[in-house]
Amino acid sequence: MNMKETEADSEMPKAFDPQAIEAGWYARWESDGLFVADAKSHKPKFTICLPPPNITGELHMGHALNHTLQDICARYRRMAGHEVLFLPGTDHAAIATQNVIEKQLAAEGMTKEQLGRDAFRSRVDEWYRDVGETIVSQDRILGISLDWTRLRFTMDPRYVRSVMTAFVAFYERGWIYRAPRIVNWCPHDKSAISDLEIDWQEHNDTLYYIKYPVEGGGEIVVATVRPETMLVDTGVAVNPTDPRYQSLIGKTAILPLVGRKLPIVGDAAVDKDFGTGALKVTPGHDAMDYDIGQRHSLEVINGMHLDGRMNVPGLPYDGLPALEAREKVVADLKAQGFLVKEEPYTHEVGHCDRCHTVIEPLISEQWWLRMETMRDKALAASAAGKVRWHPERYERTYLDWLHGLRDWNIGRQLWLGHRVPVYYCENGHQIVSIEPPRDCAECGSIRLTQDPDVLDTWFSSALWPFATLGWPEETDDLKAFYPNDMNSTAREIINLWVSRMIMTGLEFMGEVPFADVAIHCQVQAADGRRMSKSLGTGVDPRGLIEKYGTDAVRAWAASVAMSSQDVRFDESRVEGYRRFCNKLWNATRLLLSSPGLPPTDAPGILEIQEYLEDRWVVSRLSAASEAVTAGIEGFTFQDSMAAAYGFAWNEFCDWYLEAIKERLRAGDPVAQDVAYFCLDNIFRLLHPFMPFVTEELWARTPGHTDFVMRASWPRVELVDIPAEEAFGQVMSIVEEVRAHRQSAGAPPRGGSLHLESDIDRSVAALAARLAWVELVEEIEGGTALATAPGRVSFPAGVGASQAELKRLKELNRVKEELAKTEARLANPDFRTNAPPDIVKKLEDRAAELRAAIDRLQPTA
RNA sequence: GGGCGGCUAGCUCAGUUGGUAGAGCGCCAGCUUGACAUGCUGGAGGUCGGGGGUUCGAAACCCUCGCCGCCCACCA
């Protein structure tokens with residue numbers, strides 16, 4: 001530790017310059033090992049595993065916000081005496097990465113099929129190495145105190161082993177099975193995706209009414225927005241309670257254009273009020289139809305190839321893309337007189353959330369994971385209060401989803417990701433194994449092929465809180481740092497990620513992965529739209545950092561943090577926090593300019609009896625430190641920021657430093673001591689929020705030989721209520737005198753103030769000094785004060801009539817308030833029902849107002 | 001179709017057991033006051049989305065309507 005070397009003993013520059021000070025600190029913290037967690041430490045542990053950003057991504061406002069909040073917690077806990085592990089990592093983001101690579105290949109005039117699976121894989125590995133830790137290393141400029149020695153990637157061999165272990169464990173429990181189901185199929189990625197990966201968009205489509213003839217006479221009309229799917233209809237369903245159709249149940253309809261015979265069945269899932277109340281049943285291409293089909297043993301026909309083209313051999317629509325097939329089907333229906341009518345119809349259509357292609361539900365063999373047991377454990381953990389949500393309301397989002405949970409489609413038909421560890425031998429035996437098996441356990445065959453599917457990216461993310469620590473090995477890290485303590489996330493991945501971490505954590509580790517889940521607010525663009533690169537509404541945090549400095553961006557992030565409301569981005573607020581940094585900078589300069597030897601020990605021994613302002617400021621500091629701590633502990637970081645800002649600027653700088661300027665100039669050691677004590681505490685309280693400027697100023701102030709990052713968390717308990725009341729009186733007198741001075745057009749200094757003897761003399765003296773007036777025993781004329789018994793007069797100014805105007809205005813305002821107050825007091829119900837202290841307060845207020853009126857009356 | 005959040009000063013937001021409406025930015029006016037003009041001082045500006053109700057008293061609690069945003073949902 002050799003901080004003194006670079007400590008600037010020289011004159012401080014007049015203005016705070018973020019670029020100049022932020023450069024060095026991160027490297028020094030890192031090289032001094034301040035971010036590295038010690039699993040052997042005896043301190044209480046505090047662990048956060050940073051949500052792994054997509055390796056394809058760029059740092060955006062959401063990361064800046066989320067990572068800052070976690071870093072506030074990490075830095076705070078270190079100072080408060082915890083051994084902190086704050087672990088960074090990245091996620092392989094299978095679909096997103098595959099799309100990136102495929103685009104690259106396309107640019108080279110190639111497809112992945114031409115390249116082959118193995119070459120594709122090495123291409124991906126190369127790309128991963130290339131991109132490396134670009135995304136997370138951007139966290140360095142944000143000052144995020146991550147333990148880089150423990151950087152993890154979901155494709156690291158050790159992590160892959162965790163994923164395989166989890167798969168096999170689930171398989172052995174009998175929870176993994178392969179079955180055909182309707183899945184959300186992305187024809188572009190040629191893969192199934194889960195329900196949660198669907199992005200719903202409103203479409204203006206057409207609802208077609210189609211006439212199906214019924215055998216033995218008559219007809220039944222169905223309505224659909226996807227007429228091309230009728231080619232593989234295998235039934236017609238009506239609601240059994242619908243009198244219009246009851247007589248048709250059991251009969252057979254004839255499918256137009258195809259001629260297939262369709263049983264007409266009764267099923268309660270059919271909505272009588274939609275369309276005609278009759279539903280064409282296409283079990284191969286609609287989830288509800290599939291269920292109806294299962295209930296009535298209807299045939300399942302797959303009518304689509306995996307690339308979205310129609311698969312209807314023998315029909316003229318075979319091989320057409322869905323939309324073209326739709327046009328042709330409609331034209332033919334119209335030509336043959338089956339189309340009854342068309343009407344405009346607006347509805348939600350699912351798109352792939354990675355590539356935005358329209359999803360086609362189709363039947364497909366998939367790997368599924370049964371969730372019942374894990375779901376029930378998760379529910380029980382919540383019931384037992386093991387997971388606390390902040391804000392609380394998000395617990396319901398989570399629980400509601402859990403209650404409706406269905407089996408999870410964990411398979412993806414991609415080339416990139418964790419390959420399903422299932423192998424088949426030439427004799428059709430199946431082997432499930434963490435390591436690739438050499439031969440078939442049943443027949444000894446060595447001709448094995450691995451299942452082509454890979455796992456949903458979220459399957460590996462679900463293991464993050466313990467797979468990053470080495471699970472399934474019983475590592476020191478795992479023992480020391482599981483369970484983690486908090487998880488901080490955007491609300492859009494509560495179900496996708498948080499819920500699944502909770503379930504797997506309970507299943508494999510027997511404990512919830514974290515006790516607290518913080519869901520931060522969403523940052524919107526200034527115009528209220530979503531921030532997104534494609535909309536051009538994104539704001540790059542790096543640009544902001546260049547402009548205002550990291551500390552300003554972080555302080556802004558903290559100030560919005562966990563607001564119940566999403567916030568519109570307002571750059572002027574960031575700028576405001578840069579000015580706050582400058583304020584701290586200059587307050588420090590003022591102190592350092594005070595003559596005499598500065599204290600050599602860390603400030604702390606206080607002689608605060610003599611001066612009212614000293615007693616007041618440490619009392620306010622006590623309140624601020626409590627509020628800042630409570631805000632961090634209670635996950636309302638915005639409250640912490642507001643409390644620290646308000647104290648440092650409005651109380652410490654505006655009032656306290658102004659009050660002691662003369663004492664500082666005179667080199668009064670008590671004033672220096674108290675002021676240094678306050679600054680010292682301000683730096684520590686603000687360090688989690690604004691690490692750079694606080695570290696820099698800490699190094700520049702006396703008595704500090706170690707990093708503020710390693711200082712202890714302050715707990716100031718010097719509350720002095722009488723001092724706060726007395727100083728409050730000072731403030732209101734000073735403010736009123738200043739107001740009178742301005743409206744009188746009097747010069748900035750000078751004038752006389754007389755205060756009646758029931759005002760404490762120390763209050764009177766301090767008020768006079770701060771208001772730049774002379775305290776006098778007698779006063780001629782002048783203006784009466786409303787806030788205290790007394791009068792003030794100024795050397796003749798230009799605006800005497802303005803002063804008169806001001807007096808009358810004030811008199812009016814006071815009279816109005818008195819009228820309102822008296823009216824409330826006159827209400828007998830008020831006196832009988834309101835608590836006595838409220839009544840007393842109001843009576844006191846009325847008395848004050850009457851006194852003020854007396855003083856404000858013209859002197860005649 | 002369910003559910004959640006929001007609607008407070010021109011703008012962005014605070015307002016935690018109901019008890020005289022706040023901050024920052026912006027605006028107006030005055031200050032080169034020996035830390036800071038990235039500053040200091042003073043000021044203007046709000047029927048707390050509309051309407052009901054509970055209460056002595058509502059921005060806060062209840063009902064209702066209206067917008068804005070989000071999440072969940074196998075109605076074709």
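Just the heavy atoms: all of them, side chains too, but no hydrogens, waters or symmetry mates, feed the values below. Reminder, nothing fancy here: chain letters follow the sequence lines and each chain counts from 1.
The A:A15 side chain lies nearest to B:rU38 when the options are B:rU38, B:rU12, B:rG42. Considering only the side chain of A:R396, B:rC4 comes nearest among B:rU38, B:rC4, B:rC36. You'll find that the side chain of A:S572 is closest to B:rC25, out of B:rC13, B:rA73, B:rC25. The side chain of A:N827 has B:rC56 as its nearest neighbour among B:rA76, B:rC56, B:rG69. With B:rG42, B:rG39, B:rC13 as the choices, the nucleotide that has an atom nearest any side-chain atom of A:K583 turns out to be B:rG39. Distance from the side chain of A:H347 is smallest for B:rA76 among the nucleotides B:rC36, B:rU12, B:rA76. Picking from B:rC74, B:rA35, B:rA76 the nucleotide with the shortest atom distance to the side chain of A:N586 gives B:rA35. For A:F274, whose side chain is taken as the heavy atoms from C-beta onward, the closest listed nucleotide among B:rU38, B:rG43, B:rC75 is B:rC75. Comparing atom distances between the A:Q742 side chain and each of B:rC56, B:rU41, B:rA73 picks out B:rU41 as nearest. In the set B:rC56, B:rC13, B:rA76, the nucleotide with an atom closest to the side chain of A:S563 is B:rC13.
Residues from residues 633-642 of chain A with heavy atoms under 4.0 angstrom of RNA chain B: there are none.
Using a 4.0 Å heavy-atom cutoff across all strands shown, A:P835 reaches at least one base atom of the nucleic acid. Within the nucleic acid shown, A:W556 has no heavy atom closer than 4.0 Å to any nucleic acid atom. If you check every strand for non-hydrogen atoms under 4.0 Å, A:R491 touches sugar and phosphate atoms only. In this structure, A:R738 reaches the sugar-phosphate backbone alone: every heavy-atom distance under 4.0 Å involves primed, P, OP1 or OP2 atoms, never a base. Among the atoms of the strands shown, none is found under 4.0 Å from any heavy atom of A:Y209. Counting any heavy atom pair closer than 4.0 Å across all strands shown, A:D271 reaches a base atom. Within 4.0 Å of A:C653, counting heavy atoms only, lies at least one base atom of the nucleic acid. Among the atoms of the strands shown, base atoms are found under 4.0 Å from some heavy atom of A:R406. Within 4.0 Å (heavy atoms only), A:R226 reaches no atom of the nucleic acid at all. Base contact: A:R824 has a heavy atom under 4.0 Å from a base atom. Looking at heavy-atom distances under 4.0 Å, A:E492 makes no contact with the nucleic acid at all. Among the atoms of the strands shown, none is found under 4.0 Å from any heavy atom of A:D195. The residue A:V567 sits close only to the backbone: its heavy atoms come under 4.0 Å of sugar-phosphate atoms, none of a base.
Using C1' as the reference atom, B:rG46 and B:rA14 are 15 Å apart when rounded to the nearest Å. Comparing the C1' positions of B:rA44 and B:rC25 gives a spacing of 16 Å, expressed to the nearest Å. Rounded to the nearest Å, the gap between the P atom of B:rU64 and that of B:rG2 is 13 Å. Of the P atoms belonging to B:rC48 and B:rU33, the separation is 43 Å, rounded to the nearest Å. Going from the P atom of B:rG5 to that of B:rG42 covers 40 Å, rounded to whole Å. For the C1' atoms, the distance from B:rC61 to B:rG57 is 13 Å, rounded to whole Å.
Listed here is the closest heavy atom pair of A:W368 and A:I182: CH2-O, 4.5 Å. Across every non-hydrogen atom of A:F830 and A:I838, the tightest pair is CZ-CG2, 4.1 Å. Closest heavy-atom contact between A:V221 and A:A278: O-CB, 3.5 Å.
The side chain of A:Y398 contributes no N or O atom lying less than 4.0 Å from OP1 or OP2 of B:rC72. Phosphate proximity of B:rC40 to A:W772: absent, as no side-chain N or O sits under 4.0 Å from OP1 or OP2. For the OP1/OP2 pair of B:rC75 and a distance below 4.0 Å, the side-chain nitrogens and oxygens of A:K272 include no atom meeting the criterion. Considering only side-chain N and O atoms, A:R579 lies under 4.0 angstrom from the phosphate OP1 or OP2 of B:rG39. Between A:R845 and the phosphate of B:rU20, there is no side-chain N or O to OP1/OP2 separation shorter than 4.0 Å.
Both the sub-6.0 Å distance and the 45° axial angle are not jointly satisfied by A:R741 relative to the ring of A:W772.
B:rG39 is paired with B:rC31 under the Watson-Crick or G-U wobble criterion, all donor-acceptor distances under 3.5 Å. Searching all strands for a Watson-Crick or G-U wobble partner of B:rC70 with both distances below 3.5 Å returns B:rG3. Base pairing annotation: B:rU20 forms no Watson-Crick or G-U wobble pair, as no partner gives both donor-acceptor distances under 3.5 Å. In this structure, B:rG49 and B:rC65 make a Watson-Crick or G-U wobble pair, each of the two defining distances being under 3.5 angstrom. Across all strands shown, B:rC25 forms a Watson-Crick or G-U wobble pair with B:rG10, both key distances being under 3.5 Å.
When the nearest nucleotides of RNA chain B are assigned to A:L590 and A:T276 by heavy-atom distance, the more 5′-ward of the two goes with A:L590. Projected onto RNA chain B by closest heavy-atom contact, A:D17 and A:K280 fall at different nucleotides, the more 5' of which corresponds to A:D17.
Atom CG of A:D400 and atom P of B:rC70 are 19 Å apart (whole Å).
Between the side chains of A:T588 and A:R700, no donor N or O sits under 3.5 Å from an acceptor N or O. For the residue pair A:N586 and A:R589, a side-chain donor N or O sits within less than 3.5 Å of a side-chain acceptor on the partner.
The distance between the ring centers of A:F637 and A:F689 does not fall below 6.0 angstrom.
Between the base of B:rA35 and the side chain of A:K661 there is a donor-acceptor pair shorter than 3.5 Å.
Here the options are A:N184, A:V183, A:N409, the test is side-chain contact (heavy atoms from CB on, under 4.5 Å), and the partner is A:I193; only A:N184 passes.
Salt-bridge check for A:D837 with A:K841: failed, with every basic side-chain N at 4.0 Å or more from each acidic carboxylate O. Looking at A:E662 and A:R665, no side-chain N of the basic residue comes within less than 4.0 Å of a carboxylate O on the acidic one, giving no salt bridge. Between A:D566 and A:R530, none of the side-chain N atoms (NZ, or NE/NH1/NH2) sits under 4.0 Å from a carboxylate O, so this pair counts as no salt bridge.
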